[in-house]
There are 2 protein chains.
Amino acid sequence: METSVDVRKDVYLRNCPCRGVLDLLANKWTALAIGALEDGPRRFGELRRKLEGVSQKMLTQTLRELERDGLVSRTVYPVVPLRVDYALTELGRSVAEPLSAIRRWSEENIGHVQRARAEYERRAEADPVPAR
Amino acid sequence: METSVDVRKDVYLRNCPCRGVLDLLANKWTALAIGALEDGPRRFGELRRKLEGVSQKMLTQTLRELERDGLVSRTVYPVVPLRVDYALTELGRSVAEPLSAIRRWSEENIGHVQRARAEYERRAEADPVPAR
DNA sequence: CGGCATCCGAACCGATACTG
DNA sequence: CAGTATCGGTTCGGATGCCG
């Protein structure tokens, strides 16, 4: 069936819709939000506390996009006070592992990055405009 | 040796420097740039053509950050016309695989995402302000 | 060829106030 | 509790022009 437009699935192509998906995953809070849901459903407030430094606005926005794209489900319990649960969908669970690898890499290699950064600055000082 | 400040390596903590690393990887063009260098060194112009839609400014900026953080090396050949090669460092090669997984997921799951998006819009139309 | 500097509109994001 | 709405500052990012 698949009415295939002549745009192959290649993130390097300008007009490929996968670009949008990549951008979603590349969002500042996406990897953290997905990771926080790996162990089961969480309430909005729990996520807010877990993702230190996230503003309520950005968390809401991030979760909305993830819900819209089918990675996260949102369940409202009509109780007082209001309760809203977020959970990974099957699609969301399938991206959890790749994103987890990214988070892990960040934690494991921060040392290397910091050393590289220090080295870079050291050069910039010692050598103002070498070949650039 | 490791002068350990009391900030553990946890991307969920507000003041953990890993946040900066995660942000680097979460940049719009980072995953594409790293991927384009997987098969060996590439010239600036090659990368520009490969990453369709990237502006020269953003490509330069992305490559600079990657160089600064030790994921990419930059080699200038003092010839006319000028030639500059970019290549992955060992650190850069170690992140190539995780980022590749992210790109692959984007390409493989664009269908699911598009269907979810259509479904979401369909609901929004049919049901203006249900529980939000 | 591979940049850098500048301008400028667009998008992002935090802070605050208000709602069911 | 879990949002929405709005305002304003910051950053993003494209377009253009110039340089070695």
Side-chain angles (χ1 to χ4, degrees), chain A residues 14-15 19-20 22-33 36-37 41-68 72-87 120 124 127-132, chain B residues 14-15 19-20 22-33 36-37 41-68 72-87 120 124 127-132:
Chain A
R14 188 196 308 263
N15 295 326
R19 276 285 177 86
L22 186 60
D23 287 347
L24 173 73
L25 299 182
N27 263 349
K28 186 179 175 61
W29 299 107
T30 293
L32 294 173
L37 293 172
R42 291 285 180 272
R43 300 185 57 166
F44 184 85
E46 292 182 279
L47 294 173
R48 188 161 170 31
R49 280 187 295 280
K50 174 81 174 164
L51 278 62
E52 287 193 7
V54 71
S55 70
Q56 168 253 41
K57 177 182 174 178
M58 291 319 297
L59 182 55
T60 297
Q61 187 176 304
T62 301
L63 291 170
R64 279 286 179 286
E65 289 178 9
L66 292 174
E67 185 198 1
R68 190 176 64 100
V72 160
S73 67
R74 177 176 180 269
T75 309
V76 182
Y77 298 91
V79 295
V80 178
L82 192 58
R83 175 192 176 115
V84 180
D85 274 12
Y86 292 88
Y120 187 88
D127 201 357
V129 190
R132 68 181 48 148
Chain B
R14 188 196 308 264
N15 295 325
R19 276 284 177 87
L22 186 59
D23 287 348
L24 174 72
L25 300 182
N27 264 348
K28 187 179 173 61
W29 299 107
T30 293
L32 294 173
L37 293 172
R42 290 284 179 272
R43 300 187 56 167
F44 183 86
E46 293 182 280
L47 294 173
R48 188 161 170 33
R49 280 187 295 279
K50 174 82 175 164
L51 278 62
E52 288 193 7
V54 71
S55 69
Q56 171 249 43
K57 176 183 175 176
M58 292 318 297
L59 182 55
T60 297
Q61 186 176 305
T62 301
L63 291 170
R64 279 285 180 285
E65 289 178 7
L66 292 173
E67 185 198 2
R68 189 176 65 100
V72 160
S73 67
R74 177 176 181 269
T75 310
V76 181
Y77 299 92
V79 295
V80 178
L82 191 59
R83 175 193 178 115
V84 180
D85 274 12
Y86 292 89
Y120 187 89
D127 201 358
V129 189
R132 69 182 46 148

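Owing to the predicted nature of the structure, the values given are computational and were not obtained by experimental measurement. The sequence lines fix the lettering, A, B, ..., with proteins before strands; numbering per chain opens at 1.
Atom CD in Glu52(B) sits 7.0 Å away from atom CZ in Arg19(A) (nearest 0.5 Å).
OP1 or OP2 of dG3(D) has at least one side-chain nitrogen or oxygen of Arg64(A) nearer than 4.0 Å. Checking the phosphate oxygens (OP1, OP2) of dG3(C), no side-chain nitrogen or oxygen of Arg48(B) falls inside 4.0 Å. Taking only side-chain nitrogens and oxygens, Arg43(A) comes nearer than 4.0 Å to OP1 or OP2 of dA2(D).
The distance from atom CZ of Arg49(A) to atom C1' of dA2(D) is 12 Å, rounded to the nearest whole Å. With rounding to whole Å, Lys57(A) atom NZ is found 9 Å from dC13(C) atom P. Spacing between atom CD of Gln61(A) and atom C1' of dG3(D) amounts to 14 Å, rounded to whole angstrom units. Atom CE in Met58(A) sits about 15 Å away from atom P in dT11(D), given to the nearest Å. We find that CG of Leu47(B) is positioned 10 Å from P of dG3(C), with the value rounded to whole Å. dC4(C) atom P lies 8 Å from atom CD of Gln56(B), rounded to whole Å. The separation between Tyr77(B) atom OH and dG20(D) atom C1' is 19 Å, rounded to whole Å. What separates OH of Tyr86(A) from C1' of dC1(D) is a distance of 11 Å, to the nearest Å.
Along DNA chain C, the nucleotide nearest to Glu46(B) and the one nearest to Asn27(A) differ in position, and the one closer to the 5' end is contacted by Glu46(B). For Lys28(A) and Pro81(A), each mapped to the nucleotide of DNA chain C holding its nearest heavy atom, the one lying further toward the 5' end belongs to Lys28(A).
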Residue pair Leu24(B), Glu65(B): steps toward the side chain to side chain contact (heavy atoms under 4.5 Å, CB included) verdict: CA-CA 8 Å; Leu24(B) 174 72; Glu65(B) 289 178 7; 3.7 Å; yes

Might you work through the side chain to side chain contact (heavy atoms under 4.5 Å, CB included) test for Leu51(B) and Thr62(B), ending with a clear yes or no? CA-CA 12 Å; Leu51(B) 278 62; Thr62(B) 301; over 6 Å; no

Before you tell me yes or no, could you show the steps for Arg64(A) and Tyr120(B) under side chain to side chain contact (heavy atoms under 4.5 Å, CB included), namely the whole-Å CA-CA distance, both residues' side-chain angles and the distance that decides it to 0.1 Å? CA-CA 11 Å; Arg64(A) 279 286 179 286; Tyr120(B) 187 89; 4.0 Å; yes

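Looking at the side chain of Ser55(B), the nearest of the listed nucleotides dG14(D), dT4(D), dG3(C) is dG14(D).
Just one residue in the list Met58(B), Lys50(B), Gln56(B) forms a side-chain contact (heavy atoms from CB on, under 4.5 Å) with Val54(B), and that residue is Met58(B).
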